[in-house]
Each structure stands twice: as structure tokens, then as C-alpha cells.
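Take a look at the structure set out below.
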2 protein chains.
Amino acid sequence: MNTHNTPQQKESRDSRAVTSIDVAKAAGVSQSAVSRTFTPGTAVSETTRLKVLEAAKKLGYRPNAIARTLSTSRSRIIGVVLSTLDNQFYPTAIESLSRSLQEHGLHVMLFMADGRDVDSALSQLLTYQLDGVVVASATLSSRIARECKALGISVVMFNRSAAGTQCSSVTSNNFEGGKLAARYLLDTGCKRIAYIAGRSDSSTNRDREAGVTLALAERGSQLVGREEGNYERRAAAAAAQTLMAQRIRPDAIIVASDFMAFAVIDYLRQKLSITVPEEVSIVSFDDVPAADWESYALTTVAQSVAALVNSTVSIILEQLNDREMVARDVIVSSQLVVRRTTRPLPAGSNA
Amino acid sequence: MNTHNTPQQKESRDSRAVTSIDVAKAAGVSQSAVSRTFTPGTAVSETTRLKVLEAAKKLGYRPNAIARTLSTSRSRIIGVVLSTLDNQFYPTAIESLSRSLQEHGLHVMLFMADGRDVDSALSQLLTYQLDGVVVASATLSSRIARECKALGISVVMFNRSAAGTQCSSVTSNNFEGGKLAARYLLDTGCKRIAYIAGRSDSSTNRDREAGVTLALAERGSQLVGREEGNYERRAAAAAAQTLMAQRIRPDAIIVASDFMAFAVIDYLRQKLSITVPEEVSIVSFDDVPAADWESYALTTVAQSVAALVNSTVSIILEQLNDREMVARDVIVSSQLVVRRTTRPLPAGSNA
DNA sequence: CTACTAATTGCATACGTATGCTACAGTTCT
DNA sequence: AGAACTGTAGCATACGTATGCAATTAGTAG
């Protein structure tokens with residue numbers, strides 16, 4: 001430690017950081033005055049404020065966020081727990097979330113929770129005095145929720161439901177989204193619809209699948225096939241292969257994420273020379289940027305990243321002001337974006 | 001502040017965090033002993049250590065990283081400055097970087113530096129007592145470098161050169177990469193090669209372009225066209241349009257990033273019905289995951305994310321142990337990955 | 001069993017900021 | 001003019017941990 005500093009060090013090349021005390025000295029006021037100048041909503045006279053600001057500028061002072069955290073117990077740091085950034089949905093969301101939080105003076109700290117070091121990741125997470133945690137990873141959700149709750153850290157489940165936890169959650173209306181997808185395929189004349197699932201332990205997948213199933217049932221139909229895609233490219237391609245080898249060959253596949261849909265389309269077109277949408281229609285979920293790339297032009301149930309992020313930030317800000325705020329579940333509406341992996345609606349149809 | 005806490009609060013529902021003092025009390029040792037138990041490389045007897053660990057476990061104690069930072073002046077936080085995550089190269093890198101740092105007990109804090117709030121972002125960045133900054137954003141590089149340097153924060157420029165700054169940098173050998181791309185096109189019989197550039201203020205683009213130009217010159221050739229793609233999809237498509245409308249129509253285009261190449265290919269194939277690679281060959285840079293997707297199967301000059309990240313982490317760790325370490329520039333070798341946006345080499349060729 | 005060395009431990013303080021409380025100066029009102 | 005306020009400033013302390021130093025204990029050798 002710096003106990004018993006040699007006085008010389010003060011003047012050495014190693015420019016010690018400027019502290020509020022230095023500024024106070026330079027401005028001829030107390031350290032409290034400096035602190036108050038940089039703390040919105042506190043009482044300082046205009047005179048003092050100006051003296052302080054001038055001295056601060058001259059010395060190049062910047063408040064020390066860490067010290068502030070120790071004193072206030074608010075770090076202004078939000079932990080974001082992720083498992084992978086493969087699926088572009090997540091980078092897009094992170095970018096937006098980070099930007100939005102930044103505007104409120106909050107910052108994102110990343111925790112990758114995929115590998116086997118989950119325990120250490122979690123324990124490291126709890127070490128920083130986070131003001132909130134956004135969980136966007138499949139694994140660990142419930143455990144993180146529990147431990148954070150115990151420490152009074154507010155948790156928002158992002159793009160997954162918070163069933164069984166005491167946490168807030170922000171999701172799209174995946175159930176309705178599933179219905180939209182299925183109905184649109186039926187409307188365009190598809191008769192044999194199959195489903196490629198994401199991880200079956202993900203609430204998002206469950207809801208999407210449930211919506212699909214229900215909409216089909218409503219029209220007296222049902223899935224002609226279902227395979228696990230696990231939100232992975234390889235598994236999705238394998239699922240497509242299996243489905244197309246079935247006795248009853250699907251004429252449409254609903255895929256639980258765009259990311260998997262790209263793999264499915266690649267597989268159908270390049271390996272099986274099957275045309276999309278003529279022979280097989282594809283609808284998926286998310287509407288990631290690449291869904292709009294001309295090579296895919298994916299018909300997909302869009303999640304509004306902006307809406308999801310806005311809700312997430314709102315919850316975080318509220319929790320920041322009211323630690324005891326009750327958990328909230330926000331459901332953002334989904335919307336079908338029709339592109340070119342589905343056949344056109346029959347003329348005169350207005351479903 | 002918590003000065004003059006009411007004693008009751010101690011027992012209230014609001015479970016105060018467990019501190020090293022609580023643990024010390026429970027274990028019947030001093031707070032120092034607790035601290036030392038959790039600080040590797042300090043002297044504690046096995047007896048004490050066990051007593052402390054037991055008490056800590058019982059109370060659910062976790063060291064407070066913030067307090068530790070205040071005391072040691074090391075936050076174990078690495079700032080990462082980004083402008084956008086559109087180009088998948090960056091999410092891939094961030095994921096890998098974050099994982100790798102995490103294994104060393106370091107954590108990534110994100111700073112988006114694209115918008116107009118650049119000043120506030122930078123000033124917020126300097127507020128946390130970062131142990132290092134990784135700059136992966138085009139804008140601001142030099143300014144960040146300067147200010148961090150002044151505060152003694154070590155900076156690594158990621159995927160960009162550090163010319164003119166006193167910072168370390170980690171880049172691929174873009175110059176050689178450019179040569180590889182150009183030579184391969186020449187070897188496969190392309191005669192009219194054009195270039196779509198990234199932001200012209202990016203060192204990466206400059207080096208790639210320089211390599212291309214030089215390799216062409218070496219074979220007595222030169223670019224038949226050059227347009228700005230600005231690392232953006234739209235601009236890249238526009239560039240492709242312009243190039244293909246030229247009097248001398250290119251039979252190959254080198255694109256400064258995969259991300260732009262996807263847009264170029266989409267444009268050529270879907271809008272102009274030009275076949276790739278038959279009519280126009282495409283080579284780009286990065287080898288992002290999507291380059292391997294069958295719809296594109298991009299021939300590209302790969303950047304080894306693993307190597308870039310390893311070097312970055314090494315530098316950071318070194319700086320952590322030796323604040324005065326001299327800046328270092330690491331250049332990772334590039335490698336051409338041949339897929340299907342280029343024509344085959346002529347039989348018998350072994351270039 | 002004593003003298004001396006090595007290994008631990010605890011004390012006290014520092015890290016930089018925020019804030020409750022008291023003191024004081026300046027206003028306004030009767 | 002005196003009283004009752006209002007608004008600021010400064011003092012002192014707390015946040016939770018790390019560590020230099022002195023004191024104590026254990027360990028070794030003679």
C-alpha cells in the first residue's frame with residue numbers, strides 16, 4: 001500500500017491521480033464542496049461550483065468512480081451474462097443495450113458463462129458491486145437469479161422468461177409469434193409443416209413451439225415433423241436433413257431462430273438442391289440483420305431489439321431508484337416480416 | 001451515507017453484505033488475516049486459512065472487488081472501446097477476448113464510441129480505474145490513446161496500428177494479406193481487378209490496399225477500379241454497382257472486409273444476375289464465421305482471432321505486472337482460405 | 001534450556017468519495 | 001432591531017480491503 005509514501009513521489013514522473021482533495025486545495029474550498037459539485041442534486045453555491053470547476057479543469061480532475069462506488073454502494077455497472085455471440089441477435093442487442101445504458105451513465109461488464117468455468121464466472125460476477133444483471137445466457141439462469149437475489153442485486157432475464165425466479169424478464173411475445181408463423185404458412189398454402197427447435201430448455205423455444213402447435217391445431221392441422229436444432233448451425237442442418245428424408249416430406253419448415261434458418265436454407269439449397277420457397281417455405285424468428293441480406297431474404301417473426309432494450313433499461317433504472325421494486329415481466333409484441341423464403345399469399349387473400 | 005446507522009438496520013430484512021470484518025469476527029482472527037487468506041502470495045498459516053475459509057463459507061462472504069480496487073489501484077477491469085458490432089468479426093473477437101481475460105480474473109467493460117456522445121463516453125471510461133483499454137473502434141483512437149497514456153493506463157490497439165501513439169497494437173499482417181489476395185486472383189486468371197475499400201482512415205484498410213497494389217505492380221498490373229465501401233453494407237453495394245458500370249468491367253473484386261463482401265455478392269447475384277465466381281471473382285478479408293456459410297463460401301484472407309486475442313491478452317497481462325513496459329506491436333500472420341468465390345487454379349499450377 | 005531466526009499476526013492507516021450534522025452567514029418578517 | 005429561516009460550507013466519518021511495521025509465536029540450533 002501507499003502508506004508512508006515518500007514525499008518525493010508526489011513530484012515524480014509517475015503522476016499520481018488528481019483527487020478531490022487536490023482540487024479542494026487548489027480552489028480554496030473543502031473536499032466536500034468538490035464532491036458536491038460533481039454530485040447532481042446537492043447544494044453548492046454558484047460561486048463555489050465555478051471555483052471548483054475551474055480548479056478541476058486546470059488539474060485535469062476526474063471523479064474516481066470506484067471510490068464513489070465504495071461510498072455510495074452503487075457501481076453504475078450492469079453485468080451482462082452471455083453464453084455466445086454466434087447468433088447475431090445478441091451482438092445487436094448488446095450494442096443497443098450498452099449504448100442505451102451509457103446514456104444513463106451506466107456501463108456494461110461482460111460475463112461469458114458458457115464453458116465449464118461457470119462457477120468462477122458467477123462468483124466473479126458477484127464480486128463486483130453490480131447495480132444489476134442482465135441474463136442473456138441459456139445456462140445458469142436460475143442459479144444466477146437465486147444468488148443475485150440473495151445479495152439484493154436486481155436481475156433482468158433478457159429474451160427468456162423468469163418463471164420460478166423472482167426476477168424481472170423481458171421477452172417478445174413468442175407464443176403469438178409462433179402463431180403468426182404457422183398461420184402465414186397455412187395461408188400461403190403449405191400443408192406439411194415441420195419445426196426445428198432451439199434448445200428445449202429455453203422458454204423462448206417452448207413458447208414459439210407452443211404457438212405454432214396451437215395455430216396448427218386451430219386449423220385442424222399438426223406438425224409433420226419436429227427436430228432439435230439446439231440453436232446451432234450444425235444441428236439445424238442435421239435436423240433439416242432428417243426432416244427432408246422423412247416419408248412425409250415437409251413443404252414448409254418453421255425454424256426457431258434465424259441463425260439456424262440460415263443453415264437450413266444453405267443445406268436445402270446447396271446440398272439437396274431444393275428450392276426455397278418453391279419446394280419448401282421457411283419461416284424463422286428474430287429478424288437479425290442478415291435476415292434482410294438478399295441471399296436469404298428470410299420471412300421471419302421479428303423481435304424488436306429496440307423495444308426489448310428499452311424495457312430492459314427501464315427496469316434497470318427503476319430498480320436503481322427503488323431496490324424493493326417488485327419484479328416485472330414485459331412482453332414485447334412480435335411482428336411477421338415477410339420476405340422471400342415463403343410463397344406469396346394467394347390472390348384475393350387478406351388473411 | 002451510512003454514517004449513524006440505526007443499529008436495528010443491521011438485523012433488518014435488508015441483508016447487509018458480509019465483509020471481511022464479519023468473517024474475522026466469526027473466525028476469531030483479525031481482518032488482516034481474512035484479507036491475506038484471499039490474497040494469493042501472502043503469508044497466512046494453514047490453520048488460520050482454514051478457519052477463515054470455513055467462516056467465509058458459512059457466512060457466504062465474497063471479497064468486494066471495488067474496495068479491493070480502491071486499495072490496490074488495480075481494478076482488474078479492461079475497457080473495450082467499440083464503434084459497432086455489425087461486422088461479425090468484432091463479436092467473435094469480443095467473445096474470445098472476454099473469455100480469455102476472464103480466465104485471468106479480468107473483466108471486460110464495454111464502451112460504445114460511435115455516436116456523438118464520444119466525449120462523454122471517453123470521460124466515463126477514464127473515470128473507472130481501468131487496468132487497460134483495448135481500442136477496437138475506428139474513431140477516437142488517437143485521442144483515447146493520448147488521454148489514457150496521461151493517466152498511465154495501458155492501451156492496446158486491436159486490429160489497427162498504433163502509429164503515432166505510444167501504444168501497443170495487435171494486427172494481422174494485412175499487407176501480406178493484400179498480396180495474397182491479389183496474387184491468387186492473378187493466378188486464377190483474373191485480368192481486371194478492382195478494389196472496394198474500407199474506411200480510408202483505417203490502417204487496416206490502408207495496409208490491405210497497399211499489399212494489393214504492390215502485388216499487382218509486381219506482376220505488371222494495376223487496379224482497374226477502386227471505390228469506397230466504408231466498411232458498410234450499403235456503401236459496399238453502391239461501390240459494386242459503380243464498378244460494374246465502368247467501361248472496363250472488373251472480372252474480380254477484392255473487398256476490404258467479408259462483411260462488405262457479402263453485400264457485394266448479394267448485389268452482383270441478386271440485382272445484376274452476375275455469377276460469382278464465373279463472371280466476377282471475389283476475395284475479401286477476415287474470415288468471419290459467415291464466410292463459411294454455403295451461400296457465400298467466401299474466399300478470404302483469414303485473420304486468426306485466436307492469435308490476435310492471445311497477443312492482446314499477453315500484452316495486457318504484461319502491462320499489469322510492469323506498468324513501465326514499453327509498447328509493443330504484434331503482427332499476426334494472415335492466411336488465404338480458398339472457398340468458392342474464386343475460380344479454380346489452372347491445372348498444374350502450384351502458385 | 002537459552003539464544004536467535006523465521007514465520008505469523010494484529011494494529012493502524014490509506015485508498016478517494018459521499019454525506020449527516022453542526023455552524024455560520026445572509027434573508028425576510030414582525 | 002431581534003427573531004425565525006434558508007441556504008452553504010466544513011468537519012468528521014464511513015464504505016471494505018490491503019499492507020507496512022511492530023509484536024508475538026513457533027521453530028531451530030547450540
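A note on names: the letters A, B, ... follow the listed sequences, proteins ahead of strands, and every chain is numbered from 1.
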Which residue, B:Ala67 or B:Thr42, contacts DNA chain D at a nucleotide closer to its 5' end, judged by nearest heavy atom? B:Ala67

Measure [atom1]/[X] against [atom2]/[N] and give the value in whole Å, please.
| X | N | atom1 | atom2 | answer |
| --- | --- | --- | --- | --- |
| B:Arg36 | C:dA7 | CZ | C1' | 12 Å |
| A:Gln129 | D:dC15 | CD | P | 13 Å |
| A:Arg76 | D:dC15 | CZ | P | 21 Å |
| B:Ile66 | D:dC15 | CD1 | P | 16 Å |
| B:Arg68 | D:dC15 | CZ | C1' | 16 Å |
| A:Leu59 | C:dG16 | CG | P | 14 Å |
| B:Leu70 | D:dT17 | CG | P | 12 Å |
| B:Arg49 | C:dT8 | CZ | P | 11 Å |

Determine whether any donor atom in the side chain of [X] lies under 3.5 Å from an acceptor atom in the base of [N], or the reverse, and answer yes or no.
| X | N | value |
| --- | --- | --- |
| A:Thr72 | D:dC15 | no |
| B:Arg62 | D:dG16 | no |
| A:Ser32 | C:dT19 | yes |
| B:Thr19 | D:dT17 | no |
| A:Ser71 | C:dT17 | yes |

So how far is it from A:Ile66 CD1 to B:Ser73 OG, rounded to the nearest 0.5 Å? 10.5 Å

Which value, rounded to the nearest 0.5 Å, describes the distance between B:Cys148 atom SG and B:Leu130 atom CG?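 If we round to the nearest 0.5 Å, B:Cys148:SG and B:Leu130:CG are 7.5 Å apart.
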
Name the nucleic acid region contacted by B:Val34, choosing base, sugar-phosphate or nothing; use a 4.0 angstrom heavy-atom cut-off, strictly under. nothing

Would you mind telling me which residue lines up with the more 5' stretch of DNA chain C, A:Asn64 or B:Ser45, judged by nearest nucleotide?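 Looking at the nearest nucleotide for each, B:Ser45 comes out on the 5' side.
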
One thing to verify: whether B:Arg99 and B:Glu95 come together as a salt bridge, which I'm taking to mean a side-chain N less than 4.0 angstrom from a carboxylate O.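 So B:Glu95 pairs with B:Arg99 through a salt bridge.
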
Nearest-neighbour nucleotide for the B:Gln31 side chain, D:dT17, C:dT8, D:dT8 considered: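 When the side chain of B:Gln31 is considered, D:dT17 is the closest of D:dT17, C:dT8, D:dT8.
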
Go through it in stages, so that I can follow the logic: the residues are A:Val80 and A:Leu97, the test is side-chain contact (heavy atoms from CB on, under 4.5 Å), and I'd like the CA-CA distance, side-chain angles, deciding distance and then a yes or no. CA-CA 10 Å; A:Val80 174; A:Leu97 180 65; 4.1 Å; yes

Examine distances only and state if a side-chain atom of [X] and a backbone atom of [Y] form a donor-acceptor pair shorter than 3.5 Å.
| X | Y | result |
| --- | --- | --- |
| A:Arg36 | A:Val44 | no |
| A:Asp131 | A:Ser75 | yes |
| B:Gln102 | A:Met112 | yes |

At what angle, to 10 degrees, do the two end axes of the helix from C:dC1-D:dG30 to C:dT30-D:dA1 meet, given five pairs define each axis? 30°

For B:Ser35 and D:dA18, is the shortest distance between a side-chain N/O and OP1 or OP2 below 4.0 Å? yes

Kindly say if B:Tyr61 contacts the phosphate of D:dT17, meaning a side-chain N or O under 4.0 Å from OP1 or OP2. yes

Would you call the rings of B:His107 and A:Tyr128 parallel, tilted or perpendicular, where under 30° means parallel and over 60° means perpendicular?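 Aromatic pair B:His107/A:Tyr128 classed perpendicular.
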
